[in-house]
Asks: 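Structure in structure tokens, see below.
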2 protein chains.
Amino acid sequence: MANATIRDVAREAAVSVASVSRVLNGHSNVRPETRRKIEDVAARLGYFPHAGARNLSTSRAHAIGVVLPDLHGEFFSEALRGMDRAASERGLHLLLSNLHDGERAVEMLHTMRGRVDGLVIMAPHIDPDRLLAGLPPSIPSILVNCATSRDDCPTLRVDNFGGAAAMVRHLVSRGRRGIVHVSGPTSNVEARARIDGYEAAMVEAGLTPRVLIGDFMEEAGAAAAAEILRAPDGVDAIFAANDMMAIGALIALRDAGVAIPDQIAVAGFDDIPLARLISPSLTTMRVDIADIGARAIARLADAIAGTPDHRLELSTPELMIRDTTKTSPRQSGEKQGKAR
Amino acid sequence: MANATIRDVAREAAVSVASVSRVLNGHSNVRPETRRKIEDVAARLGYFPHAGARNLSTSRAHAIGVVLPDLHGEFFSEALRGMDRAASERGLHLLLSNLHDGERAVEMLHTMRGRVDGLVIMAPHIDPDRLLAGLPPSIPSILVNCATSRDDCPTLRVDNFGGAAAMVRHLVSRGRRGIVHVSGPTSNVEARARIDGYEAAMVEAGLTPRVLIGDFMEEAGAAAAAEILRAPDGVDAIFAANDMMAIGALIALRDAGVAIPDQIAVAGFDDIPLARLISPSLTTMRVDIADIGARAIARLADAIAGTPDHRLELSTPELMIRDTTKTSPRQSGEKQGKAR
DNA sequence: CTGCTTGATGTAACCGGTTACATCAATCAA
DNA sequence: TTGATTGATGTAACCGGTTACATCAAGCAG
């Protein structure tokens, strides 16, 4: 039942454990016939080295710990996909760990010590400074989309501010003036940055910002659309802080018979697969999450190899112009003819 | 730099490693003042136990290895979500590992020995018997959606045959007769089972099966739709082996001006989130993948705890009737009026 | 034939925990 | 007083690998 150990193999092959270890690790200084004998015995005994023991003696786990809040939503699974790709290229495994509450969070991180060589931390909802303070300094880490004031930890972040501003400028260039932002929860760092970018670009364009606070869920988008329909007030564009809310708004507007984009333009953020498939297709800021995940792993692998790394790296989202913002606004029905 | 060890703590607190270990693991037989002294020293030194070493001596890794082909698509990320949930409930971590080619597959599995307590294997594209043959018998495993002839390994599988047959019966009940199946790659076990279920139900209904072989990708669905449009041949329903292909077909038909579902009905399999959101919304067989993942972990946890488990468990997909099959077919345009 | 180099192999310490067992002092019944 | 019991603590083996260093035989120059 229990597996054979290296000592079993050594005994059976009448050699020392050192020779077996050398054969297993492909060292060259072993006589061919000895090597063959050991290989034969290992095969006969169905021997495979115990990775845990190997980790302990080499103090390399060949694994990266990935700490994230919840796998819900496309965001994290995409990130995971990118990490997984980058990790398996480098012969690394990924050790997943959920981080629900902030209380057990630090403790959880320590659980990882000795089983991973590095840590990717994605926790937009947890105070990262507290997290970092409790972090074992001996284990290289990288923060992904965390707001931290500390600059002594490698960080990878989406340029949410710049992306939101770029979207506003796009809408303005299409002649939109009444641009409402449907935001994420203000406790979320990313949501905050997008609000700030939106407001900055609005002010820059001489327009008055108007923010409806949402929660990144489809329903919040629908609710925002409903509120806008109740008091249109010159609104000719809805810019949601993520695609799901944009889609919620889109469907609500469509159901209410509003012409998109002629009457009201809609824009999102993230470019989830759905954005391209829904009709009318959704203009959005593409965030290449898988790429960010892959880069996190790459940087971590470098850090583990010894390259020091304390940089903040920003990933710039890309504007994807689709049907929901294709045209300039058209005054609806009997309102004043061609006034601005 | 390097972290403190249990011996450092013992020396500093002037006690033995055994006492430190006892305190760490919450054993009761330690004098309160000794306990406090040790806790103080541990905190002062920033000591946290090395999980790898602990694993080695207890031979419990508190981790489940998850072996899957590729994170692509919603399928695996959903499964992962369910597993993650079930695992963190039980204090287990998930160790991910990609399994691309079949060659390095067995080797890969052994890489896991000593770092996981059990294995979830999802590999619809790899010959599972070969996989199992090379599997270390000492490590409990469960196969998810694998075709295997062996019945000595716990297995969890979607009833693809039954699901496909149920979908055909639904279409037939809606008056469809020219039902084409767009399949997945025939090397894939799940695709095969869906083909078989489709064919069986068609024959049962006295209809002639017609299968177009696809590859589970959106484009394959579009291509199948194009082919059908080239030679309609009485086709009034497309049943794709997964939702992505169904959506590909849906969009292609819509772009070609085909009325859905009046002229051609469309159905998929999986019920990805997109299915509900696209318009017209897609009829499909709901597979609760997250639940399957969670059950895999649960059964594995039981097996690790000692409960023997050699059952095959089938998960029955549920028919989700949406817009793409809502109505009965209507003859298009100037064709024969109310024939049939 | 001697001394030195070289390559293959073995010995044992080490990685950092856990834990069976030994030890020892204190308590208590006889 | 003494032997048994109990509870706290220490010692050292063990988990299963890796590897620095020791050992030893063979090859070879002088």
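Everything quoted here is computed from the prediction, not taken from an experiment.
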Asks: B:Arg44: what forms a side-chain hydrogen bond (donor to acceptor under 3.5 Å, both in side chains) with it, not counting sequence neighbours?
Replies: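 In terms of side-chain hydrogen bond (donor to acceptor under 3.5 Å, both in side chains), with neighbours along the sequence ignored, B:Arg44 is linked to no residue.
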Asks: Taking only residues two or more places apart in sequence or in another chain, which ones pass side-chain hydrogen bond (donor to acceptor under 3.5 Å, both in side chains) with B:His93?
Replies: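 Partners of B:His93 by the side-chain hydrogen bond (donor to acceptor under 3.5 Å, both in side chains) criterion, ordered by chain and then number, come out as A:Ser97.
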Asks: Distance only, no hydrogens: is a donor on one side chain within 3.5 Å (strictly under) of an acceptor on the other, for B:Arg115 and A:Asn55?
Replies: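 Yes, side-chain donor-acceptor contact under 3.5 Å.
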Asks: Tabulate protein N/O versus nucleotide N/O from nucleotides 22-26 of chain C, keeping only pairs under 3.5 Å, one per line.
Replies:
none

Asks: Please give me the minimum heavy-atom distance between B:Pro49 and A:Arg113, naming the atom from each residue.
Replies: O-NE, 3.9 Å
Asks: Can you tell me how far CG of A:Asp117 sits from NE2 of A:His62, rounded to the nearest 0.5 angstrom?
Replies: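 Here the interatomic distance stands at 7.0 Å.
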Asks: Identify all side-chain donor-acceptor contacts of residues 27-36 of chain A below 3.5 Å with residues at least two apart in sequence or on another chain.
Replies:
{"unit_1": "A:Arg31", "atom_1": "NH2", "unit_2": "A:Glu33", "atom_2": "OE2", "d": "3.3"}
{"unit_1": "A:Arg35", "atom_1": "NH2", "unit_2": "A:His27", "atom_2": "O", "d": "2.7"}

Asks: Calculate the interatomic distance between B:Asn29 atom CG and C:dC21 atom P; express it in whole Å.
Replies: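 Result: 16 Å.
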Asks: Let me know the distance between CZ of A:Arg31 and C1' of C:dT6, rounded to the nearest Å.
Replies: 15 Å
Asks: Could you check if a side-chain atom of B:Met83 sits within less than 4.5 angstrom of a side-chain atom of B:Ile64, using non-hydrogen atoms only?
Replies: no
Asks: Scan nucleotides 12-20 of chain C nucleotide by nucleotide, 5' to 3', and note B when protein non-hydrogen atoms come under 4.0 Å of the base, S if they reach only the sugar-phosphate, - if neither.
Replies: B--BBBBB-
Asks: Would you please name every residue forming a side-chain contact (heavy atoms from CB on, under 4.5 Å) with A:Ala193, sequence neighbours left out?
Replies: A:Asn160
